[in-house]
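Following: one structure in structure tokens, then a few remarks.
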Amino acid sequence: MPTSSLINPLWNEKKVKNYLPHMTVPEVDDFLTKSDLVIIPIGALEQHSSHLPIGTDFINGVEQCKLIAQERDVLVAPVLMAGQSPYHMAFSGSITLSADTIIQVHMETVVSLIKHGFKRFVFMNSHGGNRAITTFLVDQINQKTAGVAVDFGVAIHPYLKSDTYKKPEVLDRHAGTGETSDSLYLMPDLVQLDKATATKLTLPKHLKQMLPEVINEEPTAKLLFLSEALKGEETGKKTSTLEMTKTGVWGELNPKEATVERGAKNINNTVQAAVKFIDKWNDLIKE
């Protein structure tokens, strides 16, 4: 090990078990003697207001996958940082990729991993704008390759515990108290809570009228609301991020109300649900 004066002063990363970018070839070969399961986070590089980094979705997704991989033998293999985020493009630093690009990159990734002996794939979408892409990608892998793929959100849903925190009485989504709480737990050094600010939302009239039912999780209202909200400015829907919120926060609570305790409880719930799903899948394919 070189002396501290000779190494990169910015280096602070530690080797993480089962995290592909950190692994050597012999370590991957050894992993394959124990498991053929891969989890691939699909994130985004997009604005998260003034208190969360542009890489929030990617970083939080990868960190959750790493935590799962410490509990069970699953290879964590992120391949793209950016996702589909056209509605955030009015904010500097946001990057958006086409659905075709995201699908193509992940299809080629899976084909590569299959060649090495991996067979099962879990796609963990950590950005709402990738939801439809993830669904289609999973289907294409199952239809066109020797691999078997599942959507993380669908897979773990039956194993999640019911929410233990009081639901807000106002809209609280992108860069709001929930996402900020998760970030305080997963990447605390990158959260600048002192810079968080509340915002006033400007929604098209018919969407504003839906809000009470959306907040109460009424299925049809929520489906229609999310089908129209957060869409690119070029669609004319008046629901791009900047058209609805000047700060980039899509919610009416002040993100300063976020807590690391809430984030820890939420992430632990997700990790333990993933562990239960993995155990069940492993059990079902035992010979």
Side-chain angles (χ1 to χ4, degrees), residues 41-64 80-99 102 125-133 167-205 207-208 210-211 214-215 222 225-260 262-263 266-267:
I42 308 180
L45 289 177
E46 60 181 32
Q47 73 81 23
H48 276 76
S49 192
S50 56
H51 64 289
L52 294 178
I54 285 170
T56 292
D57 290 339
F58 174 78
I59 297 168
N60 281 352
V62 169
E63 292 304 310
Q64 287 185 71
L80 269 182
M81 294 181 74
Q84 181 174 249
S85 308
Y87 37 86
H88 289 304
M89 291 304 292
F91 291 85
S92 299
S94 298
I95 293 173
T96 188
L97 301 178
S98 70
I102 297 167
N125 174 34
S126 58
H127 163 54
N130 294 333
R131 188 173 292 112
I133 292 172
K167 290 187 179 298
E169 296 178 357
V170 295
L171 190 70
D172 183 34
R173 297 183 72 88
H174 181 82
T177 64
E179 189 167 33
T180 303
S181 294
D182 290 351
S183 300
L184 283 169
Y185 176 73
L186 289 167
M187 53 170 189
D189 292 341
L190 297 181
V191 179
Q192 301 179 70
L193 203 57
D194 60 312
K195 295 183 179 179
T197 57
T199 192
K200 181 174 177 59
L201 296 183
T202 304
L203 300 174
K205 184 177 179 180
L207 294 185
K208 188 174 183 179
M210 290 185 197
L211 265 185
V214 173
I215 293 163
K222 185 176 179 181
F225 185 85
L226 293 178
S227 295
E228 191 168 351
L230 285 182
K231 298 297 178 286
E233 188 176 354
E234 66 276 7
T235 68
K237 292 184 172 71
K238 303 295 182 184
T239 61
S240 69
T241 313
L242 188 59
E243 290 173 298
M244 295 191 294
T245 165
K246 301 306 180 187
T247 69
V249 175
W250 198 40
E252 295 180 301
L253 291 182
N254 191 328
K256 280 191 172 75
E257 297 178 26
T259 66
V260 67
R262 176 180 170 184
N266 182 47
I267 298 305

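Quantities reported herein were computed from a predicted structural model and do not represent experimental measurements.
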Polar side-chain atom of [X] near backbone of [Y] as donor-acceptor pair, under 3.5 Å:
X	Y	result
Asn130	Gly43	yes
Ser126	Ile42	yes
Lys195	Leu193	no
Thr177	Glu257	no
Thr247	Ser49	no
Ser94	Met89	no
Ser240	Gly232	no
Glu46	His88	no

Residues two or more places apart in sequence or in another chain: which of them pass ring pair (Phe, Tyr, Trp, His ring centres under 6.0 Å) with His51?
none
Sorted by chain and number, sequence neighbours left out, ring pair (Phe, Tyr, Trp, His ring centres under 6.0 Å) with Phe91 holds for none
Measuring from [X]:[atom1] to [Y]:[atom2], what's the distance to the nearest 0.5 Å?
X	Y	atom1	atom2	value
His174	Met244	NE2	CE	10.0 Å
Glu228	Leu203	CD	CG	10.5 Å
Thr241	Lys231	OG1	NZ	10.5 Å
Glu234	Tyr87	CD	OH	12.0 Å
Asp182	Asn266	CG	CG	4.5 Å
Ile133	His127	CD1	NE2	7.5 Å

Below 4.5 Å, heavy atoms only, C-beta onward: do Thr259 and Leu184 meet side chain to side chain?
no
Check whether any side-chain heavy atom of Leu52 lies under 4.5 Å from a side-chain heavy atom of Val191, and answer yes or no.
yes
Above 12 or not: heavy atoms from other molecules or residues under 6.0 Å from CD of Glu243?
yes
Would you please name every residue forming a side chain to side chain contact (heavy atoms under 4.5 Å, CB included) with [X], sequence neighbours left out?
X	answer
Met187	Pro53, Thr56, Ile59, Asn60, Ser183, Leu190
Glu169	Lys166
Ala132	none
Pro188	none

Would you please name every residue forming a side chain to side chain donor-acceptor pair (under 3.5 Å) with [X], sequence neighbours left out?
X	answer
Gln64	none
His48	Asp57, Glu179
Lys246	none
Glu252	none

Please report the closest heavy-atom contact between [X] and [Y], naming both atoms and the distance.
X	Y	answer
Val249	Pro255	CG2-CG, 4.1 Å
Pro204	Thr239	CG-CG2, 3.9 Å
Ile54	Gly93	CD1-CA, 3.7 Å
Thr180	Ala175	OG1-O, 3.4 Å

Kindly indicate, with the supporting measurements, whether the criterion side-chain contact (heavy atoms from CB on, under 4.5 Å) is fulfilled by Thr202 and Lys200.
CA-CA 7 Å; Thr202 304; Lys200 181 174 177 59; 5.6 Å; no
Please state whether the rings of Phe225 and Trp250 are parallel, tilted or perpendicular, taking 30° and 60° as the class boundaries.
parallel
ring-ring contact (aromatic ring centres under 6.0 Å, His included) contacts touching residues 182-205 (sequence neighbours left out):
none
With sequence neighbours left out, what residues match Lys256 under salt bridge (charged side-chain N to carboxylate O under 4.0 Å, His left out)?
none
